[in-house]
2 protein chains.
Amino acid sequence: MQTLSTEDYLKAIYHVSQSSSGAVATTSIAKQIGAKPSSVTDMFKKLSDQNLVKYQKYQGVSLTNEGVKTALRIIRKHRLWESFLVSHLNFNWDEVHQVAEQLEHIQSEKLTNELERFLDYPTHDPHGDPIPNRALFMKTYNKILLTELPVNKEGVCVGVRDNSSGFLRYLDRRQIGIGTLLQVLHREDFDESLHIQAGKSTLMITKKTAENIYVKP
Amino acid sequence: MQTLSTEDYLKAIYHVSQSSSGAVATTSIAKQIGAKPSSVTDMFKKLSDQNLVKYQKYQGVSLTNEGVKTALRIIRKHRLWESFLVSHLNFNWDEVHQVAEQLEHIQSEKLTNELERFLDYPTHDPHGDPIPNRALFMKTYNKILLTELPVNKEGVCVGVRDNSSGFLRYLDRRQIGIGTLLQVLHREDFDESLHIQAGKSTLMITKKTAENIYVKP
DNA sequence: TTAAAAATTTAGTCATACCTAAATTTTTTT
DNA sequence: AAAAAAATTTAGGTATGACTAAATTTTTAA
Ligand SMILES: [Mn+2]
Ligand SMILES: [Mn+2]
Ligand SMILES: [Mn+2]
Ligand SMILES: [Mn+2]
């Protein structure tokens, strides 16, 4: 049985390892967790003792099979709770993260599975991220960044790369959300900004915004 | 902001102080929490430093106003979560305690208040215990033990004194639950057992059982 | 290919929340 | 009113999970 802290580390290692190749570096986890590198080293040793990561001094860590499973169990709970908060408790998608960060540590298989049933087996959370099922399997569809969508081709917004409250509220104001139909009308060479069609309105967004929005063509 | 541990202590102190008069003794909390008396003394000092209890060496503790409020906030969350687990997640009333013991520590006022709204402002939890409202006020009706119900007078089961899984499942088997109409048909002098009418069936229960059932006449 | 910079680990602390064993205080019994 | 028993506190210790400062290793740059 894991502590709250080891669970957060495993999750952080999983996330970092998804978005980069090779072993996960001490500093990257320190940034993610908000702790000093020396504290991360301590934890790497503990996780290694429990066979949840493979750790070589100065070379970073990689999750073992057991480590991946543990991480996915936490992610499953995190995303189910986020879904619940949005669908039944009037939370906006930018408010759920902090609370789900706590709820993901509640230990009760029955609770998790009943919550999943109550929500009718959702496949994606409010941010468009896939929810691992009971067997910890999640289907990911091939999504691309809005910057990579060819001009005039339509795509549906299926996710965001930046989950920060600031970005999510910005999208709210622009009326862009999961499911919004998007189309790049024009790509401005000068500053790489995009004129897009978002639902029924046309608007201009910067490159920085576009590269934080995932679409399915 | 409290830690998980201090919250459990405050709750324990509140519960013990409700069921006995005067200051709360070290040993009683040690039993409730499942820790050694020396650990309890340590915690009493910490709580006293935070002005959540009044503590006099060798004389036990009593909650301050702030301590009572903190305890009631935890109890409010505990009972709301228990209600949710039973009403929406197919938990039986004997299974909820252990999970609510964890959920009660989640920190989010919005979560608590939205959960309360979602459950339609319940006044009592699955065990018949009153749920403090947002202002931490709870209405308690005057209930008596089944042992004190006069023979042939009807009463409704409104609570239990023993919340253990064993007792609750025993009541399930006897088809006694919150809301069940009860009537004492005969009081056996010899062994103090009771013949009772419970809903549509008549059955015999021991004194020990009867003194763990609350009824409203 | 050495020197500088960056990353990482080690050594030594600290706070929380437990514990055991011993000392002290209070309560009960004789 | 002592003596014995029970309750409580103190002293000293452990594990977790964080920290700072210093040492070491790896990477990058001159
Ligand atoms: Mn977390
Ligand atoms: Mn999410
Ligand atoms: Mn608890
Ligand atoms: Mn209850």
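Just so it is clear: chains get the letters A, B, ... in the order the sequence lines come, proteins before strands, and each one is counted from 1.
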A/S20 (side chain) donor-acceptor with A/V16 (main chain) under 3.5 angstrom: yes
Minimum-distance nucleotide to B/T26 side chain [options: C/dT20, C/dT9, D/dT9]: D/dT9
Of the listed nucleotides D/dC19, C/dT24, C/dC19, the one nearest the side chain of A/D42: D/dC19
Partner residues of B/H105 under the ring-ring contact (aromatic ring centres under 6.0 Å, His included) criterion, sequence neighbours left out: none
Aromatic ring pairing B/W81/A/W81, orientation class (parallel under 30°, perpendicular over 60°, tilted between): perpendicular
Parallel, tilted or perpendicular: rings of A/H127 and A/W93 (30°, 60°): parallel
Which residue lies more 5' along DNA chain D, comparing B/Y58 with A/I33 via nearest heavy atoms: B/Y58
From A/Q18 atom CD to A/L63 atom CG, the distance as rounded to the nearest 0.5 Å: 9.0 Å
Cation-pi, B/F91 ring and A/K110 (6.0 angstrom, 45 degrees): yes
Side-chain N or O of B/S39 closer than 4.0 Å to phosphate OP1/OP2 of C/dC18: no
Length of the NZ-P vector between B/K36 and D/dG13, whole Å: 20 Å
Over 12 foreign heavy atoms within 6.0 Å of CG, B/N65: no
A/R161 CZ: over 12 foreign heavy atoms closer than 6.0 Å: yes
Stretch residues 1-13 of chain A: residues that reach within less than 4.0 Å of DNA chain D through a heavy atom: A/T3, A/S5, A/Y9
Selection: residues 43-57 of chain B, any non-hydrogen atom under 4.0 Å of DNA chain D: B/K45, B/Y55, B/K57
Heavy-atom donor-acceptor pair, B/S38 side-chain to C/dT20 base, under 3.5 Å: yes
